[in-house]
Amino acid sequence: MDYKRERERMVLTQLEARGITDPIVLAAMRKVPRHVFVGEALQAQAYGDFPLPIGHEQTISQPYMVAEMTQLLELTPEDQVLEIGTGSGYQTAILAELAHKVYTIERIRELLIEAKKKLDRLKYLNVVTRCADGTNGWPEEGPFDGIIVTAGAPHVPEPLKKQLAIGGRLVIPVGDVYSQVLMQITRKKDGFIERTTGGCRFVKLIGNHGWGG
Ligand code: SAM
């Protein structure tokens with residue numbers, strides 16, 4: 001299978017066609033081998049316009065959703081980013097292409113071990129991983145220029161807002177278990193600016209400041 005061609009097609013028909021315009025996001029989506037982050041049996045479907053299962057009842061997000069959330073983070077090469085919900089590690093790799101350093105937290109140890117193996121093999125040396133409840137954030141390493149939550153939250157976890165740098169952006173799906181809206185929250189000197197984009201559907205953010213287990 002010509003995966004490079006599949007990626008090109010994905011970028012044209014799923015991302016550019018739906019309004020993803022940031023050239024650095026599009027370049028990262030063209031480069032990162034998404035098929036490496038799914039099981040062998042699903043590799044041929046890796047560039048399809050849908051999420052795929054990665055085990056433990058979790059999913060690798062639809063390519064468009066990965067691109068849209070990354071675009072909303074407005075990253076620069078100096079940025080320090082926190083990701084909650086490593087999952088397959090695919091979104092982590094996209095972030096590692098764009099930011100200086102990525103801190104990523106996953107609560108399911110088996111997923112984290114698999115993701116780390118893949119990220120190491122692809123030589124993403126600017127990624128640090130932790131197995132924990134990410135709704136508490138990673139206070140020792142903050143503040144962060146960008147925070148991305150790749151699971152659906154019932155409300156915005158307060159520790160994540162606290163760990164945003166001034167000017168930093170938090171991107172998070174918020175809503176009920178079945179549907180959420182994507183929020184971009186920017187920290188300013190005197191408070192937060194909230195912007196809501198389209199609807200989405202993510203697996204549950206489970207933890208202290210998320211859904212109960
Ligand atoms: N970004 C991932 C990717 O590219 O494969 C997709 C992530 S999947 C939609 C959501 C992930 O969030 C799952 O792996 C789930 O275990 C994880 N998760 C849910 N609640 C969490 C929490 N409190 N802390 C860390 N990870 C959490």
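We count ligands from 1, going down the list as the structure has it; atoms in each ligand are counted the same way. Just the heavy atoms: all of them, side chains too, but no hydrogens, waters or symmetry mates, feed the values below. Predicted model, so just to flag it, every value in this text is computed and none were measured.
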Colleague: Is there a donor-acceptor contact under 3.5 Å linking the side chains of Y47 and Q14?
Modeller: no
Colleague: Distance only, no hydrogens: is a donor on one side chain within 3.5 Å (strictly under) of an acceptor on the other, for Q91 and T150?
Modeller: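 No pair is found: no donor N or O on one side chain lies under 3.5 Å from an acceptor on the other.
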Colleague: Hydrophobic side-chain clustering at under 4.5 Å (ILVMFWY, transitive links): who's grouped with I105? Put none if nobody.
Modeller: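 So far as hydrophobic clustering goes, I105 is joined with L82, I84, Y103, V128, W138, F144, I147, V149, V156, L160, L164, L170, I172, V174, V181, M183, I185, F192, L205.
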Colleague: Among residues two or more places apart or on two chains, list those pairs meeting salt bridge (Lys or Arg N to Asp or Glu O under 4.0 Å) that have a residue in residues 167-186.
Modeller: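 Output for this query lists D79-R169.
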Colleague: Name the residues in contact with ligand 1, where contact means a heavy atom under 4.0 Å away: which are they?
Modeller: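 Q58, T59, I60, S61, E83, I84, G85, T86, G87, S88, Y90, Q91, I105, E106, R107, I108, L111, A132, D133, G134, T135, T150, A151, V203, K204, L205, I206.
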Colleague: For L125, which fellow cluster members are found when Ile, Leu, Val, Met, Phe, Trp and Tyr are connected by side-chain heavy-atom distances below 4.5 angstrom, either directly or through intermediates?
Modeller: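 None, because no other hydrophobic side chain comes under 4.5 Å of this residue.
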Colleague: Can you tell me if E106 and T86 form a side-chain donor-acceptor pair at under 3.5 Å?
Modeller: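 No, because no side-chain N or O of E106 sits under 3.5 Å from a partner of the opposite role on T86.
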